[in-house]
Trainee: 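Okay, handing you the structure first.
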Amino acid sequence: MSLPADWSLLAVELAACGWILLTLAADLLLSGARKRWLWALTLSGVAVLALLLGWQQQMGLAGSFQSMFVLDRFGVYFKWLFLLTVAVVVVMTREFGALLSERAGAFYLLLLTALLGMLVLASIYDLLMLFIGLELLTFSLYIMAAYLRTDARSVEAGMKYLIMGSVSSGFLVYGIALLYGFAGSTNFNVIHAALASEPAPLTAQAGMLLVLAGLGFKIAAVPFHLWVPDVYEGAPTPVVALLSVGSKMAGVVALLRLLLGVFQPLAWLWMDLLAVLAAATLLYGNLAAIPQTNIKRLLGYSSIGHAGYLLMGLSTGSLAGARAVAYYLLAYLFGNLTVFLVVTAATKALGGEALDDYRGLSKRSGLLAASMFIGLLSLAGVPPLGGFVGKLLVLLATVEAHRIWLAALGAVNVAVSLYYYLMVVKRMYLEAPRATSPIPVSALTRAALAGLVLGILAVGIVQEPFLARIAAALHP
Amino acid sequence: MAEAASFYIFSGLMLLAALSVVSNRRPIYSVLSLLVVMFCLAALFVMLGAYFIAALQILLYAGAVLVLFLFVVMLLNLSPEALSRTRIFTLRGAGTLAALFLFVCLARILASVGEPPTGEARGTVEAVGRELFSAYLLPFELTSFIILAAIIGAVTLAKREPSK
C-alpha cells in the first residue's frame, strides 16, 4: 500500500502525533514502578522520527501540503537539530526524574508535544501554521516550567512565562491580523507577492513589526527578554535546556523563513532595526551576566547574549548571514546542551545551583568538569571549538554587510563572555571542593556527554561537511 | 438606511461600554460593561451576515470568558479602597501616554486602509465548516494537540499528590 504523495510529506509529524498518544496510553496503563521506563519509550519515539526523517531525505521528498506546510531541505536540516535537542533533553529528564515522581509520564508527553510544535515550525508556509506551531511549543513549555509545583520558584517561573508568553502571542496574532487584512491571505506566497508589488502601507509594516516582536520574545531578544532570568532560575533544568536551545532555535527558524522569504521586500525596514536590537541584546546579555551568582541565571543572561549574535546574523539579510546563523545554532546546540546536562547531573550532589557550589567540581568528577569546560569555552567562542566557527561566520557576514561597528561590538563581547564563563571554570578547577565524595554519573549521561563534546569538536574542526549541508539547505 | 442607523447605534453603544470598562472603579461593573461590548460586537457580526461567528462570539466570550472573569472578581472580592491604593499617579500618567500613542498609531494605520473588501458572507456555519475541513484541515487538527497538552497540563498541575 502506498500513501498518497501529499501525506508522506507529513510522515514525521504524523508519527509524532501517534507517539504522543502512545505515551499517553502507556502513562495511563503502566503501573507505578514500570513508569520509569517511559524515558525509553520517548527516546525510541525520537529515534523512530529520526528514521522517518532519514527516509524522507533519502527519497528526496519535497513539496507543500495544501500550501500550509512545506517540506524542503531547509526544514529537514532544522528538524534534525530539533530531534537531537529533544533526545538530549530526554536523557536530562531521566537524570532529573526523581523530582518529577509520579508525574514523569505527562512530562514526557509534553516534551513530545513541544517537539511536534518545533517540527511544525520548521515547515511553516502560512502565518496560521506559525501561530499553531508556536502555541504547541509554548503551551507545553508553560506547563513544564511550573512542573515542580511544590517549589515556589518553579511556580513563579511558570506563571511569569505564561503571562509574558501570552502577551507576546497577542502581539503575534495582532500582527498576523494586520497582514491578513493587507494581503487577504495568510499564505507566505500571497503576502510576499502583495508586499513586492506595491510600496507597503503602514498596516503591513505595523503587522510585520508586531510579528517580529512576538518572535522576539521566543528568542529572548532585548527588549523582550524580561522573563528570562527568573524563568531560567526557577524552571526544572531540562525545561530550561529545552527553552534555551529548542525554543530559541524554533524562533530563529521562523524568523529565517519570514525575513528571507515573506518580508524580503521590507528589508529596508527590518535590517537596521534588527542591527540595533542585536547590539542592545549583545550588550545587555553579556554585561548583566557578569555579576550573577546562580549558574542557571548566568546561563539565562548568556543565552540573551547569544540571541544578540543570532540577530546580528539575521540583520545582514544575506544568504551568508543565514548560513552563519544556521552554523551558529548548530554549535550553540552542542555547547548549551552539554552545559545543561552537566548542571542536571551535578546539582543533586553539589547541593545547589549557586556558582560557589561548583567549587572543586574537577576533583569530584573529572568528566563533568571537563565537559562543562569544553561546553563553556565553545559558547564563549574559543578556537578550535564549534562556537568559534559560528561566531566567526556571523562576524564575517556582518562585515560583508558593511556594519563594521556591529562586528566590532560582537568581537568585544566575545571577550566579555569569556570572562564570566572562565569564572565558572576557575571555581571548578582551582578552588577546593566542599565535599570530596565522587559524583556518580549514569552510563547514559556519560554517553550523551561524550557525544555532545564530540559534536562540539567536530563542528569546530571539520567544518566542511556541515557547511555543505547548510549550503544545500539554504539553496532555494 | 436602517442598516447604517443600527451600525451607528451598536458602534456608539460599544464605545460607551468600552469606556465604562476602563473608567469604572468597581471591577464587577467593568466586567458587566465588557459583556455589553461583546454583545454589540456580536450584533455587528450579525449585520455582516456572519451568524455563526456572532453565535461563537456570544458563546465563547460572553458565555465562558466573562463568567471566568466574574468568578475571579468575586473570589478576590477587593474593596474599592484596596484597589485605589494601587492607583499611583505615575502609573496612570504612563497608561494615558501609552493609550494616546496606541491611538495615534491605530488612527494612522486605519486612515491608510482603503475601502474594505465586500463579498458574500463567509461567516455562516456551512462556509466556516467547509473551510475548516478543507483549506484549514492541518491547522485545525493540530489545534487538538494544543488542547491535549493543555488538558494534560491542567490535570497534572492540579492533581493531588497520592498520600503516602
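Each chain gets a letter, A, B and so on, in the order the sequences are listed, and its residues count up from 1. Worth saying up front: this structure is predicted, and the values here are computed from it rather than measured.
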Trainee: Would you mind checking which part of A:L10 comes under 4.5 Å of any heavy atom in chain B, side chain (CB onward), backbone (N, CA, C, O), both or neither?
Mentor: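 A:L10 touches chain B through side-chain heavy atoms alone.
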Trainee: Can you name the closest pair of heavy atoms from B:I146 and A:E135 and give their distance?
Mentor: CD1-CB, 3.7 Å
Trainee: Tell me, do A:Y147 and B:T156 make a side-chain contact under 4.5 Å, heavy atoms counted?
Mentor: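 They are in side-chain contact.
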Trainee: Does atom OH of A:Y142 have more than 12 heavy-atom neighbours from other groups under 6.0 Å away?
Mentor: yes
Trainee: Less than 4.5 Å to any heavy atom of chain B: does that hold for the side chain of A:L137, its backbone, both, or neither?
Mentor: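 For A:L137, no heavy atom lies under 4.5 Å from chain B.
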Trainee: Taking all non-hydrogen atoms of both residues into account, name the closest pair between A:T113 and B:F145 and its distance.
Mentor: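 It is CG2-O, 4.4 Å.
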Trainee: Considering residues, nucleotides and ligands other than A:R153, do more than 12 of their heavy atoms fall under 6.0 Å from its CZ?
Mentor: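 Result for CZ/A:R153: enclosed.
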Trainee: What part of A:V120 gets closer than 4.5 Å to chain B, counting heavy atoms only: side chain, backbone, both or neither?
Mentor: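 When you check distances to chain B, only side chain atoms of A:V120 fall under 4.5 Å.
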Trainee: Chain A contacts: which residues in residues 133-143 of chain B have a non-hydrogen atom closer than 4.5 Å to it?
Mentor: B:S134, B:A135, B:Y136, B:L137, B:L138, B:P139, B:L142, B:T143
Trainee: Give a yes or no on whether B:Y61 atom OH has more than 12 heavy-atom contacts from other residues, nucleotides or ligands under 6.0 Å away.
Mentor: no
Trainee: Taking every non-hydrogen pair under 4.5 Å, which of A:G181, A:C17, A:A146 racks up the most with chain B?
Mentor: A:C17
Trainee: If you count heavy atoms of other groups shown closer than 6.0 angstrom to CD of A:E198, is the number above 12?
Mentor: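 Yes.
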Trainee: Side chain from CB out, backbone as N, CA, C, O: work out which of these in A:L109 comes under 4.5 Å of a heavy atom of chain B, or both, or neither.
Mentor: side chain
Trainee: Given heavy-atom pairs under 4.5 angstrom as the criterion, report whether the side chain, backbone, both or neither of B:I152 touches chain A.
Mentor: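 Side chain of B:I152 only, per the 4.5 Å heavy-atom cut-off to chain A.
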Trainee: Quick one: of A:L178, A:L21, A:I132, who has the most non-hydrogen atom pairs under 4.5 Å with chain B?
Mentor: A:I132
Trainee: Can you establish whether the number of heavy atoms outside B:M14 located under 6.0 Å from its atom CE is more than 12?
Mentor: yes
